[in-house]
Amino acid sequence: MARYDAASIEPKWQETWREAGTFAARRDEGRPKYYVLEMFPYPSGALHIGHVRNYTMGDVIARHRLATGHAVLHPMGWDAFGLPAENAAMERGVHPGEWTYQNIAAMKEQFGRLGLTLDWSREFATCDPEYYGQQQALFLDFLDAGLVYRKNAVVNWDPVDMTVLANEQVEDGKGWRSGATVERRELTQWFFKISDFSEELLSALDGLDAWPDKVKTMQRNWIGRSRGLQCAFALVDGPEGHAEIEVYTTRPDTLLGASFVGISPDHPLARRLEEDDADLAAFNAECRKMSTAEEAMEKAEKNGYDTGLTVRHPFDPDWELPVYVANFILMDYGTGAIFGCPAHDQRDLDFARKYDLPVISTYAPAMGEEGTFILPENGGPAYVPPKTETVRYIKGFAGHEAQTGNDAVEAAIGVCQDKGVGRGVTRYRLRDWGLSRQRYWGCPIPVVHCDACGVVPEKKENLPVRLPEDVDFSKPGNALDRHPTWRDVACPACGAPAKRETDTMDTFVDSSWYFARFTAPRADAPTDAQDAAYWMNVDQYIGGVEHAILHLLYSRFFARAMHICGHLPASAVEPFDALFTQGMVTHEIYVTRDERDRPVYHLPKDVEWTESGARLGSTGEAVEVIPSAKMSKSKKNVVDPLEIIDRYGADTARWFVLSDSPPERDVEWTASGAEAASKHLARVFRIATEAADAPAEGADGADQALLREMHKTIHDVTVGIESFGFNTSVARLYAFTNTLSKSDAGRDARMRAARTMAQLMSPMTPHLAEEIWSTLGGEGLIATAPWPEADPAMLVDDEVTLPVQINGKRRTEITVPRDLDRAEVERRALDTHAVKKALDGNPPKKTIVVPGRIVNVVV
RNA sequence: GCGGGCGUGAUGGAAUGGUAGACAUAGCAGACUUAAAAUCUGCGGGCCCCGGUGCCGUGCGGGUUCGAGUCCCGCCGCCCGCACCA
């Protein structure tokens, strides 16, 4: 009897599939198409177990669809631009391109061992000039269509390294390399006009039925449509040209609770006032020494600076309110100015208490709902009920005394407009997408700056604008910008000497259309109309929930923009029909500190466990263990799946990552269990191949019992795969293995059951399945054999056991024919000893019979 | 801070509002074996006047329901995102 030997089986079948071209995607108008896509990886150089989980899930879907007769597109590529390559260049002196392509080669080899159904003929990396050249063509088309523009925006500036920092590179307000305090600096940058699509991107979410609700909710909140009032507070003795402050508020119903007006440190008035006020200039400078990350701003202590100016309340010219510059007001949102209503906003209340400003409630809980309510002016917290709740207005000026916040806001807007105080507006939180990056390793923005002509787009025939190879990474900053000659170019318009743009594109641009490029990866335009029409949309997109907002929103925008420019059909403006967000694989993090107390991360395989705790295997240095977090290259808490593949085979790794944890949930990686998965596959192989040696005649009824169980398994496993319940499919297959091993059925039934089991396992453990299939005389490749179908007649049992509850607690059970009518079920339940005893001769108060499920008797 | 999610035995987890703990891992006991490995069988939430038609039990506290792990409200803990990490 042959033993299960993954090391010999797996390469054999991989070779067979490769030679047969089993997984090459072909347009076939006679079949339904199915495009399954997992978010493509950053080529860190090492496949980690999170990748294995992610790509195995997609592979299960792809293999299942292949078996159900679909023309499947399952491509793979590399999200290859980005910071890590530049960091490697600075740390090790290796060129980012060389480093990246080496990593790609290494990872591709690792991918190859997993037995995935990938069509490698469509592979590309976003750093390939062929890809980013097409991306530059898209940029030029977007520019033509008015979807791109330039404006000033703030960046994190490291004054020592003289370079722009990513938010990730700012730690506690300091640059990660220099340790210098980071400042904000304004640069002219390129923007995509995603805000033009705010309403469209919001309302179209309603049609995405196969997206997780949580992702749609996050996107809705991110886009953040709000209805409010824009109105002006007239300045008393303001500087010239500053007659009033325009504010935006979503709570105009609280206008009579206003106690101050706050403006952003970047507000034009704040900038004007700091010219004459050194203290304010210092305050603003301090505010600008903050990371551009919104999170940092929200967490920072709320500070204000009293400008000494006052404004008049729009309803009462005698009511003057102080004007503060406040560090928590964003210039990017609304008008960069607010009025503060401390009674109904905790942040404003904290601010008012800090600067001794009045607190004026405009509403309080409705009559009869006061409970232990304390007015904020009497020391209570800010009263901020949901806008849907009915409250009682103390200082209302519009609508009823008792009304919901929503009604009050609309009424207030109406009254204000009638009075000529402001106007109702709809706003969105979503900001335009700044795509400029001051870095080398990205897609060059294909424009030229000419003294005479201004900003001139590069000619399409000159694309791609290639990155230069000879670059210097000995200094921080943009290596492209300091290249001696690359910038020098003739103006595409007038031919005079001009300078290339040295900013490159955000890597989110690269990943915002790769799914479309996969449909025609070698086309000499961004897409090919026929291929796009055939393959789009992505039927199933799979990736991490960490991409729930930015990547997915940007891709939705890009698909619309590409449609406007003629690169995608109208049917593809929502590019992902179904989305699944798989959980992350987490792992402990191991850290030591360098001489400047900065963290140095270590791979789990470099850490050894001794009695005295975790230590570095190489030096014995003690290692600090930080609790599990998302596996990331930067934290180095990654596990090498190759070790498992080397030891047990790819099928074991695949089986293991699919079992146990539900795919949408995070899973903590532990080494234990791989052994068990491997044993199980060996058992499956043995039980399946032994079926051929079974006696021709089985025990009475055993064939029928086995086949009945087989059909139930087909049903359950299929449902599991189609609903991303891979762990339950695996569990069901474990159970069926036990059934088969204990069965007394005859040879034919057992071989049939074993072949079916192999088919059901084939999406998860494809090599093992092929081996069993061929051993048991299956026809052709199991990869393309038609998926088994469950016979509905075999799924139902003749008798069912119903639990009988008394007052909701299970007390006994009855076994009845499946179709027994409700009244008879009730009669039999009431006839049980337990129920009769509980009733004690009295009639039941109520009896609930749920056919096929349960009986509940209320006494 | 704001937005979103998650929380069930020692462990991973199962459960259209209907028998909580399927399936598996670790563990324990047994069979086979000179022995080990492999394999097979069984046990497997807690408590107790422990074999009973017994009590408790799905992070904590309330609520809705004939019935709640599941729905609602309020907490606690952990995780993700916050626009220049990808």
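In this text, all values refer to a predicted model and were calculated from it rather than measured experimentally. The sequence lines fix the lettering, A, B, ..., with proteins before strands; numbering per chain opens at 1. Just the heavy atoms: all of them, side chains too, but no hydrogens, waters or symmetry mates, feed the values below.
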Nearest to the side chain of [X], heavy atoms from C-beta on, is which of [options]?
X: A:Arg429; options: B:rC66, B:rC23, B:rA83; result: B:rA83
X: A:Ile549; options: B:rG81, B:rA24, B:rC85; result: B:rG81
X: A:Tyr42; options: B:rA86, B:rG1, B:rU19; result: B:rA86
X: A:Ala166; options: B:rU53, B:rC85, B:rA83; result: B:rC85
X: A:Arg811; options: B:rG4, B:rU19, B:rG54; result: B:rG54
X: A:Asn221; options: B:rA86, B:rG18, B:rG4; result: B:rG4
X: A:Glu294; options: B:rA22, B:rA83, B:rC80; result: B:rA83

Which whole number of Å gives the distance between the [atom1] atom of [N] and that of [M]?
N: B:rU25; M: B:rG59; atom1: P; answer: 25 Å
N: B:rG4; M: B:rU64; atom1: C1'; answer: 26 Å
N: B:rG9; M: B:rC47; atom1: P; answer: 15 Å
N: B:rC72; M: B:rC23; atom1: P; answer: 31 Å
N: B:rG61; M: B:rA86; atom1: P; answer: 45 Å
N: B:rC40; M: B:rA24; atom1: P; answer: 11 Å
N: B:rC2; M: B:rC56; atom1: P; answer: 40 Å
N: B:rG17; M: B:rG69; atom1: P; answer: 13 Å

Would one find a side-chain N or O of [X] under 4.0 angstrom from OP1 or OP2 of [N]?
X: A:Asn167; N: B:rC82; result: no
X: A:Arg3; N: B:rA38; result: no
X: A:Asn738; N: B:rA24; result: yes

Measure [atom1]/[X] against [atom2]/[N] and give the value in whole Å, please.
X: A:Arg431; N: B:rC82; atom1: CZ; atom2: P; answer: 12 Å
X: A:Lys712; N: B:rA22; atom1: NZ; atom2: P; answer: 18 Å
X: A:Lys809; N: B:rU19; atom1: NZ; atom2: P; answer: 14 Å
X: A:His715; N: B:rU16; atom1: NE2; atom2: C1'; answer: 12 Å
X: A:His547; N: B:rC85; atom1: NE2; atom2: P; answer: 12 Å
X: A:Ile806; N: B:rG67; atom1: CD1; atom2: P; answer: 14 Å
X: A:Arg810; N: B:rC55; atom1: CZ; atom2: P; answer: 13 Å
X: A:Leu165; N: B:rC85; atom1: CG; atom2: P; answer: 11 Å

Assign [X] to base, sugar-phosphate, or nothing according to its heavy-atom contacts below 4.0 angstrom with the strands shown.
X: A:Gln438; result: base
X: A:Gly224; result: nothing
X: A:Lys679; result: sugar-phosphate
X: A:Val155; result: base
X: A:Arg347; result: nothing
X: A:Ala676; result: sugar-phosphate
X: A:Trp433; result: nothing
X: A:Val850; result: base
X: A:Leu430; result: base
X: A:Ala293; result: sugar-phosphate
X: A:Lys836; result: nothing
X: A:Glu86; result: nothing
X: A:Phe508; result: base
X: A:His833; result: nothing

May I ask you to decide whether [X] forms a salt bridge with [Y], counting only side-chain N to carboxylate O separations under 4.0 Å?
X: A:Lys216; Y: A:Asp213; value: yes
X: A:Glu709; Y: A:Lys742; value: no
X: A:Asp432; Y: A:Lys193; value: no
X: A:Asp345; Y: A:Arg251; value: no
X: A:Glu294; Y: A:Arg429; value: yes

(message) Between A:Arg177 and A:Asp158, does the salt bridge (charged side-chain N to carboxylate O under 4.0 Å, His left out) criterion hold? Intermediate values first, please.
(response) CA-CA 9 Å; A:Arg177 297 176 69 86; A:Asp158 185 321; over 6 Å; no
Centroid separation under 6.0 Å, is that true for the rings of [Y] and [X]?
X: A:Tyr734; Y: A:Trp655; result: yes
X: A:Tyr131; Y: A:Trp513; result: yes
X: A:Phe656; Y: A:Tyr648; result: no
X: A:Phe515; Y: A:Tyr541; result: no

* **Most 5' of A:Thr507 and A:Met218 on RNA chain B, judged by nearest nucleotide** =>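 Nearest-nucleotide comparison on RNA chain B picks A:Met218.
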Notebook entry, point to check: So which one's nearest nucleotide on RNA chain B is more toward 5', A:Val215 or A:Val858?
Noted result: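 The residue closer to the strand's 5' end, by nearest nucleotide, is A:Val215.
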- For residues A:Thr728 and A:Asp716, is any side-chain donor paired with an opposing acceptor at under 3.5 Å?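 A:Thr728 vs A:Asp716: no donor-acceptor pair found between side chains.
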(message) Side chains of A:Asn856 and A:Lys846: any donor to acceptor distance under 3.5 Å?
(response)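 On atom types as modelled, these side chains do not qualify, holding no pair under 3.5 Å.
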Query raised in the report: Going by a 90° cut-off around 0, is B:rG67 syn or anti?
Result: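 That one's anti.
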Passing candidate, side-chain contact (heavy atoms from CB on, under 4.5 Å) with A:Leu802, options A:Val825, A:Ile854, A:Thr815: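 Checked A:Val825, A:Ile854, A:Thr815 against A:Leu802; only one passes side-chain contact (heavy atoms from CB on, under 4.5 Å): A:Val825.
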- [ ] Look only at the side chain of A:Arg53 and the backbone of A:Gly583, and say whether a donor-acceptor pair between them is shorter than 3.5 Å.
- [x]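 Here the side-chain-to-backbone pair exists.
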Query raised in the report: Under 3.5 Å, is there an N or O donor on one side and an acceptor on the other linking the side chain of A:Gln805 and the base of B:rG18?
Result: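 Yes, a donor-acceptor pair under 3.5 Å.
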The dot-bracket string of RNA chain B, counting Watson-Crick and G-U wobble pairs with both distances under 3.5 Å, using [ ] for crossing pairs and | for pairs to another strand, is (((((((..(((.....[....))).(((((.......))))).((((...).)))..(((((..]....))))))))))))....
A correct 5'-to-3' footprint of nucleotides 5-15 of chain B, with B, S and - meaning base, sugar-phosphate only and no protein heavy atom under 4.0 Å, is S-S----BSS-
